[in-house]
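Just so it is clear, the values below take in all heavy atoms, side chains as well, and ignore hydrogens, waters and symmetry mates. Just so you know, these numbers come straight off a predicted model, no measurement behind them. Proteins get letters first, then strands, A, B, ... in listed order; numbering begins at 1 in each.
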Protein chains: 2
Amino acid sequence: MKPSDRNITTALRRHGYKLTPQRCAVVHAITSSQDHLTPTAIFEKVSQNHPGIGLVTVYRTLKLLAELELICELHTGGNCPSYTAGTSHHHHHLVCSGCGKVVDFASPRLIEHNVVELEGRLSRESGFRIDDHLLEFTGLCQLCQKAPASSV
Amino acid sequence: MKPSDRNITTALRRHGYKLTPQRCAVVHAITSSQDHLTPTAIFEKVSQNHPGIGLVTVYRTLKLLAELELICELHTGGNCPSYTAGTSHHHHHLVCSGCGKVVDFASPRLIEHNVVELEGRLSRESGFRIDDHLLEFTGLCQLCQKAPASSV
DNA sequence: CTGTAACTGATAATACTTTTCAATTAGCAG
DNA sequence: CTGCTAATTGAAAAGTATTATCAGTTACAG
């Protein structure tokens, strides 16, 4: 088991969840890939080493891992989300509008650099031709700050 | 008809599409709201003044408008996209993780400011408690630059 | 006004995800 | 190690979002 697998599985245990072979397999499928994978892709990957696993179990596990913020869930175009290792915090995306490929980048220097500088640097490093950028902040609006967890 | 409606409808005509009452109604529903609306919400809004319109037509119109980049399509959590007036270019989002509300902000000063400064400013202006940010660049990866439009 | 290609709406089909529930199993107590 | 119990699994069904099909209708160029 890779160290990254272990981090996730022990976190599951710490939260009181059982460590089933199916869950381990899903975790491993995610951590062993650099790419963002759809639920179906993860299901197919897991099925190779773990035939008989249900797609339902994959969905359940992904939902659980995403809720615990042990993996990163991404919604771009298309009509299904994709998942990758790592938390969603300070972890950013470079999305290809041609093939849908997603490359992640960490950006500790976001504090120092502005977006346009970063765009140039990323383009050089990744070979992407960058056409657009989207900046999205997540948080709680004024109303939801007052009414805690009512609609969550 | 509002000026913003007219911009969109004339653009449709310019592209060779017919200007049906249904299309105008969908356009109006979008431009007359500040919020990001789901296809179903748009359908319900349009149905008030235009009973009998089909949900299918709403979907088709949204897809068309988004392709022509006359409206902005957004995928966040949940399981359906939402649409709002304005193009997607340099137009950013503040998403409430409590109620799903989306506030847009334009950011011409993204060039001058770094993300952390911007976060502080937005938080003060909007009243949001900002917990996280996601920066997403869109473009074409090296392969897709070489093989134009093969998979688009 | 007329013809025609584009558009609409109903139905059906497809895709993705969640619910339900009986059978199984991880992990604890002894 | 053995048995217990609640959590988990997988199959089937249901639910939700979206797209395809197609006959009838309509915008608009001429």
Side-chain angles (χ1 to χ4, degrees), chain A residues 1 5-6 8-29 36-47 49-68 70-71 73-83 100, chain B residues 1 8-29 36-47 49-68 70-71 73-83 100:
Chain A
M1 192 184 281
D5 288 28
R6 181 158 296 283
I8 295 178
T9 51
T10 54
L12 275 178
R13 293 258 48 224
R14 203 168 346 105
H15 284 273
Y17 294 99
K18 289 184 180 176
L19 215 51
T20 65
Q22 291 91 336
R23 282 177 179 162
C24 292
V26 170
V27 167
H28 186 70
H36 277 251
L37 304 172
T38 61
T40 306
I42 292 168
F43 170 68
E44 285 166 2
K45 200 156 182 273
V46 170
S47 293
N49 299 319
H50 200 98
I53 191 172
L55 179 56
V56 193
T57 300
V58 173
Y59 272 107
R60 273 189 293 232
T61 306
L62 291 175
K63 197 180 174 192
L64 178 63
L65 294 172
E67 267 168 15
L68 298 177
L70 299 173
I71 60 174
E73 184 179 36
L74 168 69
H75 295 260
T76 42
N79 40 9
C80 64
S82 62
Y83 297 86
Chain B
M1 191 183 280
I8 296 178
T9 52
T10 55
L12 275 177
R13 295 258 46 225
R14 203 170 344 107
H15 283 274
Y17 293 100
K18 291 185 179 174
L19 215 53
T20 65
Q22 291 90 338
R23 281 178 180 162
C24 292
V26 170
V27 167
H28 186 72
H36 277 251
L37 303 172
T38 62
T40 306
I42 292 168
F43 170 68
E44 284 166 3
K45 201 156 180 274
V46 171
S47 294
N49 300 321
H50 199 100
I53 192 172
L55 179 56
V56 192
T57 300
V58 173
Y59 272 107
R60 273 189 292 232
T61 306
L62 292 174
K63 198 180 175 194
L64 178 63
L65 294 172
E67 267 167 15
L68 297 177
L70 299 173
I71 59 173
E73 184 180 37
L74 167 69
H75 295 259
T76 42
N79 40 7
C80 64
S82 61
Y83 298 86

With rounding to the nearest 0.5 angstrom, report the [atom1] to [atom2] distance, [X] to [Y].
X: B:H28; Y: B:I42; atom1: NE2; atom2: CD1; value: 13.0 Å
X: B:T10; Y: B:L70; atom1: OG1; atom2: CG; value: 9.0 Å
X: A:L74; Y: A:T38; atom1: CG; atom2: OG1; value: 12.0 Å
X: A:K45; Y: A:T40; atom1: NZ; atom2: OG1; value: 14.5 Å

Under the side-chain contact (heavy atoms from CB on, under 4.5 Å) rule, what do A:L12 and A:L65 come out as? Steps first, then yes or no, please.
-> CA-CA 8 Å; A:L12 275 178; A:L65 294 172; 4.2 Å; yes
What is the distance from [atom1] of [X] to [atom2] of [N], rounded to the nearest Å?
X: A:L64; N: D:dT8; atom1: CG; atom2: P; result: 8 Å
X: A:E44; N: C:dC16; atom1: CD; atom2: P; result: 11 Å
X: B:R23; N: D:dC28; atom1: CZ; atom2: P; result: 10 Å
X: A:H50; N: D:dT9; atom1: NE2; atom2: C1'; result: 10 Å
X: B:K18; N: C:dA6; atom1: NZ; atom2: C1'; result: 4 Å
X: B:L12; N: D:dC28; atom1: CG; atom2: C1'; result: 15 Å
X: B:E73; N: D:dA17; atom1: CD; atom2: C1'; result: 13 Å
X: A:F43; N: C:dT18; atom1: CZ; atom2: C1'; result: 16 Å

Should A:F43 and A:P39 count as side-chain neighbours, where that means a heavy-atom distance under 4.5 Å?
-> no
For [N], does either OP1 or OP2 sit under 4.0 Å from a side-chain N or O belonging to [X]?
X: A:Q22; N: C:dA26; answer: no
X: B:R13; N: D:dC28; answer: yes
X: A:T20; N: D:dT9; answer: yes

Sub-4.0 Å heavy-atom contacts from residues 54-63 of chain B onto DNA chain C, ordered by number |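 Result for residues 54-63 of chain B: B:G54, B:V56, B:T57, B:R60, sorted by number.
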When all nucleic acid strands are considered with a 4.0 Å heavy-atom cut-off, which category describes A:G52: base, sugar-phosphate, or nothing?
-> sugar-phosphate
Looking only at heavy atoms, what is the nearest atom pair of A:A41 and A:L37, with distance?
->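 Answer, listing the atom of A:A41 first, then A:L37: CB-CB, 4.3 Å.
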Closest non-hydrogen atom pair, A:S47 against A:I53 = OG-CG2, 3.9 Å
Enter the inter-axis angle for the ends of the helix from C:dC1-D:dG30 to C:dG30-D:dC1 (five pairs per end, rounded to 10°).
->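 The helix from C:dC1-D:dG30 to C:dG30-D:dC1 shows an end-to-end axis angle of 40°.
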Listing, residues 13-27 of chain A side-chain donor-acceptor contacts under 3.5 Å, not counting sequence neighbours, or none:
residue: A:R13; atom: NE; partner: A:Y17; partner atom: O; Å: 3.4
residue: A:T20; atom: OG1; partner: A:R23; partner atom: N; Å: 3.2
residue: A:R23; atom: NH1; partner: A:K18; partner atom: O; Å: 2.8

